[in-house]
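Read through the structure below, which is laid out as structure tokens, and then see the notes.
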Amino acid sequence: MVAWIGSQTVPLPAAIEQVAKLLAKSRCPVFSIESDVHGTRSLIALAERVGATYDHVNGRNLLHEVALHTDIGGFFATATEVRRRADLVIIVGDIPAAHHDLLSSLASTAADLTSSSRRRWLRIKGKASTALGDPVRRVKAVEVGSSDFAIDAVLASLRAILAGRKASAPLANVDSFLSEMASARFPVFVFSHLNDPASLGMLQGMLADINRARRATALFLPSDDDAWGMVLASAWMTGFPPRTGFSTGSPIHDPWLCDIERMIAEGEADLHLFVSERDEARPSKRSRVPTIALVRSERPAAGALVTVRIGKAGLDHDGVVYSSRIGTLRSVAASVPSALPSISNIVGQLQHALQEEGLPS
């Protein structure tokens, strides 16, 4: 177990005491969070106590996925429901390799709540779509679309064609798309990485059209399961996703006001707590805001006032994470148990130390 104040190695209690002093003095602290559900919950509770604003470490990427649910809404199913009911799976755009095992499991099973004995597969692709890699390629999905048009234009054309309207964009295998959609009992559109509002809106619009007369839905696969776990934890604790702050004492969600990168760049924040369980993650060296780093590092983070070495959920200690495969949270046991402290353990010590600094609980 190692902690540093500046570049000097110190006992963990000394580092905790120093972090508590910095948090107690801060007028506008900001938290960047990347942890399991236990760690996230403890950090949000700490943010509420000290009036901090919090976001995910990769909040800019997460923002678009959150907007799908908060701004657009739509039809969504869990992977378990898709496995039982989907006789037609339509892959939309690219699917991260982390989810290929899930697609393989769908390919190796048949829906048991439909009369069809096998699943059929389509893939909607656009200009930026890449080739499907193994094992996704083994499903032999019929590719629909065009490499000349962006995915939002392809989806718009397919939506128009499905509604009986004319579309000027020439797309490959439109007849196959229409035929499969007509015969499917429960088609499911599987997507991830649709980070532009036009694509997301057009896909959900097409689903809304289909659901006027029959049933169809979508399976959303987050680009980062751990980040999506933070979204869920934040929603049930505050009613809002990340980019939420407690500067007024009550949670306020505002994607611009609570953009931590912006707050740091414009000099609004006076203290940055950077927390990440990932090996490669470090706070920015260019930040001029005093920084505290809780990271998996064997050396102090460059420029940080205080650094504490932490463990990782599922590796050093048990934890709880989100799983797209089951569509909910799951526990993960420590694979290589160590004495490195968890985030929730560190935050628990900080909460106690803040009492010594006169901060009410």
Side-chain angles (χ1 to χ4, degrees), residues 1-57 230 233-234 237-238 242 244-251 258 260 263-264 268-277 281-284 287-297 299-313 316-317 339-361:
M1 190 178 307
V2 181
W4 299 265
I5 295 178
S7 59
Q8 182 179 359
T9 303
V10 297
L12 180 61
I16 295 292
E17 181 181 353
Q18 182 64 16
V19 173
K21 289 181 183 296
L22 292 168
L23 286 172
K25 289 193 303 183
S26 174
R27 301 292 299 273
C28 188
V30 294
F31 293 2
S32 297
I33 300 173
E34 191 171 62
S35 181
D36 78 324
V37 172
H38 286 325
T40 297
R41 291 178 61 193
S42 64
L43 286 163
I44 292 175
L46 180 66
E48 182 176 14
R49 187 174 183 188
V50 302
T53 296
Y54 66 88
D55 192 8
H56 189 263
V57 165
M230 179 184 178
S234 177
M237 290 183 71
T238 69
T244 292
F246 293 96
S247 58
T248 65
S250 300
C258 300
I260 286 178
M263 294 176 71
I264 291 174
E268 294 180 11
D270 63 358
L271 184 66
H272 185 201
L273 176 63
F274 180 92
V275 183
S276 178
E277 295 182 6
R282 299 288 183 276
S284 173
S287 175
R288 296 181 179 179
V289 175
T291 300
I292 301 162
L294 307 184
V295 292
R296 288 178 52 77
S297 173
R299 57 181 60 88
L305 297 179
V306 183
T307 304
V308 177
R309 187 182 177 194
I310 59 171
K312 178 179 177 61
D316 300 285
H317 56 82
L340 291 174
S342 66
I343 293 296
S344 57
N345 179 287
I346 293 292
V347 174
Q349 296 182 58
L350 271 173
Q351 293 277 21
H352 180 74
L354 285 170
Q355 291 181 349
E356 303 297 324
E357 297 299 324
L359 208 66
S361 58

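Only a predicted model underlies this, so the values are computations on that prediction, with no experimental measurement involved.
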Could you tell me whether the side chain of Asn345 and the main chain of Pro341 form a donor-acceptor pair under 3.5 Å? no

Does Glu277 reach the main-chain N or O of Ala313 with its side chain, forming a donor-acceptor pair under 3.5 Å? yes

Please assess Thr53 against Cys258 for the test side-chain contact (heavy atoms from CB on, under 4.5 Å), listing each intermediate value before the final yes or no. CA-CA 6 Å; Thr53 296; Cys258 300; 3.6 Å; yes

Donor-acceptor contact below 3.5 Å, side chain Asp55 vs main chain Ile260: no

Close side-chain approach of Met263 to Cys28, heavy-atom, < 4.5 Å: yes

Would Val10 and Val2 count as a side-chain contact (heavy atoms from CB on, under 4.5 Å) here? Give the steps. CA-CA 7 Å; Val10 297; Val2 181; over 6 Å; no

Residue pair Ser276 / Ile310: nearest heavy atoms and the distance that separates them: O-CD1, 3.5 Å

Rounded to the nearest 0.5 Å, what's the gap from CD on Glu17 to CD on Gln349? Could you check? 12.0 Å

Within the 3.5 Å criterion, strictly below it, is a donor on Tyr54 or Ser234 matched to an acceptor on the partner's side chain? yes

Atom pair NE2 (His56) and OG1 (Thr40), whose distance is rounded to the nearest 0.5 Å: 7.5 Å

Please check if the side chain of Thr307 supplies one atom and the backbone of Leu305 the other of a donor-acceptor pair under 3.5 Å. no

Just how far is it from atom CG of Leu294 to atom CG of Leu43, taken to the nearest 0.5 Å? 7.5 Å

List for me each residue that meets side chain to side chain contact (heavy atoms under 4.5 Å, CB included) alongside Ala302, sequence neighbours excluded, and say none if there are none. Lys285

Could you tell me whether the side chain of Thr238 reaches within less than 4.5 Å of the side chain of Phe246, counting heavy atoms only? yes

Out of curiosity, Ile44 CD1 to Met237 CE, how far, rounded to the nearest 0.5 Å? 5.0 Å

So, for Pro29 and Val50, which heavy atoms are closest and what is the spacing to 0.1 Å? CG-O, 3.8 Å

To the nearest 0.5 Å, atom CG of Leu46 lies from atom CD of Gln351 at 5.0 Å

Tell me, which pairs form a salt bridge (charged side-chain N to carboxylate O under 4.0 Å, His left out) where one or both residues lie in residues 4-15, sequence neighbours left out? none

Any side-chain donor near an acceptor of the partner, His38 and Ser342, under 3.5 Å: no

Report yes if the side chains of Ile264 and Val30 come closer than 4.5 Å at any heavy-atom pair, otherwise no. yes

Any Val308 side-chain heavy atom under 4.5 Å of Trp4 side chain: no

Applying salt bridge (charged side-chain N to carboxylate O under 4.0 Å, His left out) as the test, list every pair that has at least one member in residues 29-42; sequence neighbours left out. Glu34-Arg278

Which atom of Ala281 lies closest to which atom of Val295, heavy atoms considered: O-CG1, 4.0 Å

Are Ile343 and Ser42 side-chain neighbours, meaning at least one heavy-atom pair lies under 4.5 Å? yes

Over all atoms of both residues, closest heavy-atom pair of Val289 and His272: CG1-N, 3.8 Å

Would you check, one step at a time, whether the test salt bridge (charged side-chain N to carboxylate O under 4.0 Å, His left out) holds for Arg296 with Asp316? CA-CA 11 Å; Arg296 288 178 52 77; Asp316 300 285; 2.6 Å; yes

Residue pair Ala293 / Pro283: nearest heavy atoms and the distance that separates them: CB-CG, 4.1 Å

Which atom names give the shortest non-hydrogen contact between Ser32 and Val57, and what distance separates them? C-CG2, 3.9 Å

Taking the side chain as every heavy atom from C-beta outward, state whether Val306 and Leu22 have any pair of such atoms under 4.5 Å apart. yes

Which value, rounded to the nearest 0.5 Å, describes the distance between Thr291 atom OG1 and Leu273 atom CG? 9.5 Å

